[in-house]
2 protein chains.
Amino acid sequence: MVALAQEMETGTLHEQIVAKLRGVLLDGELGDGARIPEAQLCLRFGISRTPLREALKVLAAEGFVELRPNRGSIVAPIDPVEVAHVFELKGAIEHTIGRLAAVRATPEDRTRIEQAHAELGAHPDPAAYTALNQEFHRALAAATHNPVLQQTYDNLQKRVLRLRFVVNENPTRVAQSFVEHENIMVAFRAGARLDLAERLEEHNRLTGEAVMRRLKREGA
Amino acid sequence: MVALAQEMETGTLHEQIVAKLRGVLLDGELGDGARIPEAQLCLRFGISRTPLREALKVLAAEGFVELRPNRGSIVAPIDPVEVAHVFELKGAIEHTIGRLAAVRATPEDRTRIEQAHAELGAHPDPAAYTALNQEFHRALAAATHNPVLQQTYDNLQKRVLRLRFVVNENPTRVAQSFVEHENIMVAFRAGARLDLAERLEEHNRLTGEAVMRRLKREGA
DNA sequence: GAACGATATTTTGCATTCAAAAATGATCCG
DNA sequence: CGGATCATTTTTGAATGCAAAATATCGTTC
């Protein structure tokens with residue numbers, strides 16, 4: 001089992017609860033549209049309803065939870081149209097990540113990115129793919145040294161992570177994806193800003209299209 | 001007094017509280033870094049601390065409020081570096097708004113955008129500027145028909161709105177800004193996607209630079 | 001046996017309460 | 001008179017309590 005919600009055990013208690021709860025949602029422990037068992041989660045986290053509900057509101061604002069007045073909260077149902085919109089926005093941000101990271105990446109950033117890329121190459125299995133891929137893109141985003149961008153990007157990334165089949169990526173797409181990553185790395189190493197930007201945007205578009213095809217097929 | 005926080009009286013009670021509280025923050029009623037008077041706001045909104053605190057956590061996640069463990073919440077202090085980062089990300093989104101709005105705007109969108117632009121032309125006073133300018137850009141964002149993008153954009157826009165001197169824009173910049181808007185409209189009317197995208201991004205950059213200069217001057 | 005409706009149970013949303021932490025300020029000593 | 005120490009008050013964070021709403025249960029009728 002790959003932990004998708006690799007949050008650190010840090011920050012305020014509230015932040016920790018948000019992180020844990022997000023973890024529950026991202027790991028698909030509660031399916032799409034499932035009722036969120038407040039009482040159960042309180043027991044599990046060893047807290048009362050007050051802080052849990054605070055976390056729920058935050059996650060609702062982030063788009064992971066849907067609050068239905070007087071009818072409790074549910075895991076936000078996946079809306080294919082919305083997923084497409086998330087990818088569209090993410091594309092814009094990927095482009096910017098490319099332009100900025102190519103120029104701003106420090107030697108440490110470069111090392112981390114190279115490392116993430118190498119790990120992806122070493123583990124071509126779909127099981128490991130999602131987490132490593134996540135790490136790779138996260139490292140690139142970090143190289144922009146723009147925390148506002150990073151956080152927005154991360155949030156969007158998490159939103160698509162909720163789709164189970166992104167996790168259980170198919171082997172063909174994984175292979176294709178790695179080829180795209182190779183090209184991304186070529187542009188990155190060369191410091192080719194616009195080239196990197198375009199490749200990242202294109203990679204996002206292709207991933208998005210794969211996801212949308214899958215969504216259509218599953219008729220979710 | 002121009003109401004910056006033009007939220008509607010709709011949605012769940014929770015959403016209304018978040019909106020009202022955001023209004024208090026955006027209208028600059030509480031200065032930068034000021035302690036948030038929980039008790040007072042509860043009185044004013046006629047609610048207890050529980051729902052108010054839920055709203056506070058949401059606004060903290062959005063970056064308007066800073067929660068200090070055991071020391072209460074304060075209006076998030078303005079960090080010039082962060083403001084620059086917000087503008088940088090907003091630039092990426094403006095570009096995308098341009099590319100998409102040029103193609104997707106419906107006749108109704110076009111009417112609304114033209115109207116917003118005309119109103120800006122009719123009221124060249126800095127006092128009215130912020131609200132009308134806000135409306136103009138909001139209308140353009142809406143023309144993308146991408147709610148995810150719209151919401152993210154709106155959130156960023158609100159973050160820069162917190163800077164009081166953006167509200168009290170200086171006349172020179174207002175005039176210059178309108179010229180940029182004119183050019184934006186030319187590209188928009190012509191359906192020139194990339195041209196519109198570039199002009200919007202450039203407009204954002206220039207606004208951002210004006211704000212940053214102001215920030216530096218005031219030494220905030 | 002299905003459909004409806006009345007009643008019991010659970011869940012939800014918010015107010016209240018309570019313990020712990022921080023801020024305040026009163027007292028003492030140098 | 002200034003500054004440290006300790007008691008007092010206030011504020012914070014979270015658990016609990018309570019009324020209203022929704023859901024489930026069950027009996028009744030057709």
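Order of the sequence lines fixes the chain letters, A, B, ..., with proteins taken first and strands second; residue numbering starts at 1 for each chain. Side chains are part of it too, since the values below use all heavy atoms of this structure and drop only hydrogens, waters and symmetry mates.
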message: Is it the case that the side chain of N133(A) and the backbone of L120(A) share a donor-acceptor pair, with hydrogens and angles ignored and the cut-off at 3.5 Å?
response: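 Checking the backbone N and O of L120(A) against the side chain of N133(A), no donor-acceptor pair under 3.5 Å is found.
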
message: So, does R71(A) get its side chain near the phosphate of dT23(D), meaning an N or O under 4.0 Å from OP1 or OP2?
response: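 True: R71(A) side-chain N/O within range (under 4.0 Å) of dT23(D) OP1/OP2.
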
[X] [atom1] to [N] [atom2], straight-line distance once rounded to whole Å:
| X | N | atom1 | atom2 | value |
| --- | --- | --- | --- | --- |
| L13(B) | dA20(D) | CG | P | 16 Å |
| R68(B) | dT11(D) | CZ | C1' | 11 Å |
| N70(B) | dA21(C) | CG | P | 7 Å |
| L56(A) | dT11(C) | CG | P | 15 Å |
| I74(A) | dT12(C) | CD1 | P | 12 Å |
| H14(A) | dG13(D) | NE2 | C1' | 12 Å |

query: With I17(B), which of I47(B), T12(B), L41(B) fulfils side-chain contact (heavy atoms from CB on, under 4.5 Å)?
result: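 Between I17(B) and the candidates, side-chain contact (heavy atoms from CB on, under 4.5 Å) is satisfied uniquely by I47(B).
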
- request: Please report the closest heavy-atom contact between P77(B) and E66(B), naming both atoms and the distance.
  value: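 Smallest heavy-atom distance, with atoms named: CD-OE1, 3.1 Å.
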
message: Tell me the closest heavy-atom pair linking H14(A) and L67(B), and the distance in Å.
response: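 Minimum heavy-atom separation between H14(A) and L67(B): CD2-CD1, 4.3 Å.
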
- request: Could you identify which residues of residues 33-55 of chain B place a heavy atom less than 4.0 Å from some atom of DNA chain D, listed by residue number, or say none?
  value: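 Listed by number, they are R35(B), R49(B), R53(B).
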
field: N-O pairing of R205(A) and E94(A) below 4.0 Å
entry: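 Result for this pair is no, no salt bridge flagged.
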
query: Taking the six-membered ring for Trp, are H203(A) and H137(A) parallel (under 30°), tilted (30 to 60°) or perpendicular (over 60°)?
result: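 If you compare the ring of H203(A) with that of H137(A), the planes turn out parallel.
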
